[in-house]
There are 2 protein chains.
Amino acid sequence: MVNEAILAVSSIMAAMSTVQEKRLAREQRVFDTAARLFATRGYHATRMQDIADELAMQKGSLYYYFDSKESLLLEIVERRVGVALAAMQAIMETDALPTAKLKEAVAAHLNVFQEHADLYTIFNFERLNLIHPQAAETVDELAHAYEMLWRRLLQEGIAAGEFRADLDAPVLVKAIVGMFNSTLLWFDPAGRLTVGETAVIFAQFILQGLVQNPV
Amino acid sequence: MVNEAILAVSSIMAAMSTVQEKRLAREQRVFDTAARLFATRGYHATRMQDIADELAMQKGSLYYYFDSKESLLLEIVERRVGVALAAMQAIMETDALPTAKLKEAVAAHLNVFQEHADLYTIFNFERLNLIHPQAAETVDELAHAYEMLWRRLLQEGIAAGEFRADLDAPVLVKAIVGMFNSTLLWFDPAGRLTVGETAVIFAQFILQGLVQNPV
DNA sequence: ATTAAAATTTAACCAGGGTTCAGTTTCGGG
DNA sequence: CCCGAAACTGAACCCTGGTTAAATTTTAAT
C-alpha cells in the first residue's frame with residue numbers, strides 16, 4: 001500500500017520529468033537552430049521563416065517559445081554565455097601560479113569559444129542589434145564580469161612578481177579579449193592548427209611577446 | 001580608385017571653386033554623415049530618414065547620390081579603407097629595424113583607426129551585411145593585403161634575429177589585428193589614455209608580453 | 001475514454017522603411 | 001536674362017517580414 005503510493009509518486013515524478021525534459025529538448029532545438037542561423041547569416045539576414053523551415057514548422061509556431069525575435073536573440077545569449085564566465089571563475093579559484101592560470105584560461109576560453117562558436121559570434125558581433133536597453137545591459141554586465149576576472153589575473157601576476165609591475169591591466173585585458181574574439185572570425189577547426197595548439201601559441205605570445213629574450 | 005577618392009577629398013580641402021568640386025563636397029558630406037550613423041547605430045538601425053534628417057533633406061533626395069542603401073555602405077568602405085593599407089606600406093618601405101617598424105605600425109594603425117573610427121567600425125563589424133558577393137570580395141581583398149604586410153614585418157623580424165624564430169606569423173598576425181580592431185569598440189578619445197599612449201602600451205605588450213624578463 | 005493543457009497550424013494583419021518618379025527649384029554658363 | 005542640367009522635393013508605392021490570434025491537432029493525466 002505504502003509501496004504503491006511511493007511507486008505512484010515516483011512514476012508521476014518520472015513522467016513529469018520526462019515531459020519537462022521533452023519540452024526542454026524541443027525548446028533547446030529551437031534555440032540551437034536559431035543560434036546557428038544567426039551566427040552564420042547574421043541576425044537581420046535570418047528570417048523567422050528560415051528558422052521555421054529548418055525546424056519543419058510554421059514561423060507562427062515559433063512564438064510559442066519566445067515573445068519576439070529580439071527576445072530570442074537575448075535568450076540565446078543569456079542561455080550559455082555564462083559558460084566562459086564559469087570556466088574562468090573556476091580557474092581563478094585554484095591556487096595555481098598566475099602564469100599557469102593564464103595558460104589554463106587561454107585554453108579554456110578558446111575551447112569554449114570553438115565549442116559554442118555560433119553563440120559567441122552572436123554575443124560579440126550582434127550586440128548593436130540589441131535594441132532594448134535592458135538586453136544590451138545584460139550583455140554588457142556579462143562581458144564586464146568576465147573582463148574583471150582577467151584583470152584580477154593580471155593583478156595577481158603583478159603582485160606575485162611574475163608579470164611586469166607597470167602593466168596597464170584594463171587596456172591589456174581589452175587587448176587580450178579582443179584577440180580571443182577575433183578567433184571567431186578566422187579560426188578553422190579543420191585547419192592547420194587545433195584549438196589546443198592555437199591556445200599554446202596565444203599563451204606564449206601573451207606571456208613572452210614577439211621579441212627573442214636572452215635566457 | 002581609392003587613391004583617387006583620397007586625392008579628391010584633399011583637393012576639396014584645398015580649394016572649393018569649380019562645380020565638380022562642389023559636387024564632390026556635397027557628396028562627401030552625404031557619405032560622411034551616413035558613415036557616422038552606420039558606425040554609431042549600426043547599419044540596419046540607421047534609417048534612410050535618419051541620414052536625410054541630419055543633412056536636412058528628404059530621404060528620396062539621397063538616391064541622387066547612390067543607388068541603394070547597400071551600395072552606399074559599400075561605397076563608404078571602398079572610399080577610404082585604403083588609408084591604413086597605405087600607411088602600413090609606407091612604413092614597410094623604410095629601412096628601420098623590425099622592432100622600430102612595429103612600434104611605428106602600431107601607432108599608425110591606432111591613429112588611423114581613431115581618425116576614421118566610423119569607417120573602420122563599419123568595415124569590421126558590418127561585413128555580414130554586405131549581401132552582394134562582389135562587395136564582400138572587395139572588403140576581403142583589402143583586409144588580406146593588410147595582413148600580408150604584417151606577416152612580412154614579422155618575418156623580417158625573425159630573419160633579423162629580433163623576433164623568436166618559432167613564431168607562427170599567420171596566427172599572430174590575426175591575433176594582433178584582432179587586438180587593434182577591438183579598440184574600435186572600447187577606446188575613448190576623451191578617456192584616461194591618448195591614442196599615442198595606448199599605442200605604446202600595445203607595442204610594449206606585443207614585443208615583450210606580460211612576463212617580467214631579466215635584463 | 002475523456003478532457004484539459006500543450007503544441008502547432010493557418011491565415012491574416014500591419015507597420016516600417018527602402019525605393020521610385022514626376023514634378024519643382026536652384027544654379028551656372030552663354 | 002534665359003535655358004538646360006543639376007539638385008532636390010513630396011508623396012505615394014509596395015513588399016518584406018515580424019507579429020497576432022483563433023482554430024485545430026497532439027499529448028498526457030484521470
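By convention in this document, chain letters (A, B, ...) are assigned in the order of the sequence lines, proteins followed by strands, and residues within each chain are numbered from 1.
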Go through the N and O atoms of the side chain of B/K59 and the base of C/dG18, and report whether any donor-acceptor pair is under 3.5 Å.
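Side chain to base: pair present.
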
Using only side-chain N and O atoms of [X], determine if any of them is under 4.0 Å from OP1 or OP2 of [N].
| X | N | result |
| --- | --- | --- |
| A/Y64 | C/dT8 | no |
| A/K22 | D/dA28 | yes |
| A/Q58 | C/dT10 | yes |
| A/S61 | C/dA7 | no |

Length of the [atom1]-[atom2] vector between [X] and [N], whole Å:
| X | N | atom1 | atom2 | result |
| --- | --- | --- | --- | --- |
| B/Y63 | D/dC8 | OH | C1' | 15 Å |
| A/R26 | D/dT26 | CZ | P | 14 Å |
| B/H44 | C/dG16 | NE2 | C1' | 13 Å |
| A/I51 | D/dT19 | CD1 | P | 11 Å |
| A/R23 | C/dA6 | CZ | P | 9 Å |
| B/D50 | C/dG16 | CG | C1' | 12 Å |
| B/E70 | C/dG18 | CD | P | 13 Å |
| B/L72 | C/dG18 | CG | C1' | 12 Å |

Using a 4.0 Å heavy-atom cut-off across all strands, classify A/S71 as base, sugar-phosphate, or nothing.
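Nothing: the residue A/S71, judged by heavy atoms under 4.0 Å, touches no strand.
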
Which part of the nucleic acid does A/F66 contact within heavy-atom distance under 4.0 Å: base, sugar-phosphate only, or nothing?
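The answer is nothing, as A/F66 stays clear of every strand by at least 4.0 Å.
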
Among side-chain atoms of B/Q49 and B/D53, is any donor-acceptor pair under 3.5 angstrom?
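Looking only at side-chain atoms, B/D53 and B/Q49 do form a donor-acceptor pair, the distance falling under 3.5 Å.
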
Regarding B/H109 and B/Y146, do their side chains bring together a donor and an acceptor under 3.5 Å, going by distance alone?
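There is such a pair (donor and acceptor under 3.5 Å, judged by atom type) between the side chains of B/H109 and B/Y146.
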
Between A/R192 and A/E197, does any side-chain N to carboxylate O distance fall below 4.0 Å?
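Salt bridge between A/R192 and A/E197, a charged N being under 4.0 Å from a carboxylate O: no.
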
Which residue lies toward the 5' end of DNA chain D, A/G60 or A/R47, if each is placed at its nearest nucleotide?
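Nearer the 5' end of the strand: A/R47.
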
Between B/Y65 and A/D67, just flag the one whose closest nucleotide in DNA chain D comes earlier from the 5' side.
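That would be B/Y65.
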
Rounded distance (nearest 0.5 Å) linking atom CG of A/N124 with atom CZ of B/F125
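Between atom CG of A/N124 and atom CZ of B/F125 there are 8.5 Å.
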
Minimum-distance pair of heavy atoms, taken over all atoms of B/D118 and B/A35:
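Closest heavy-atom pair between B/D118 and B/A35: CB-O, 3.7 Å.
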
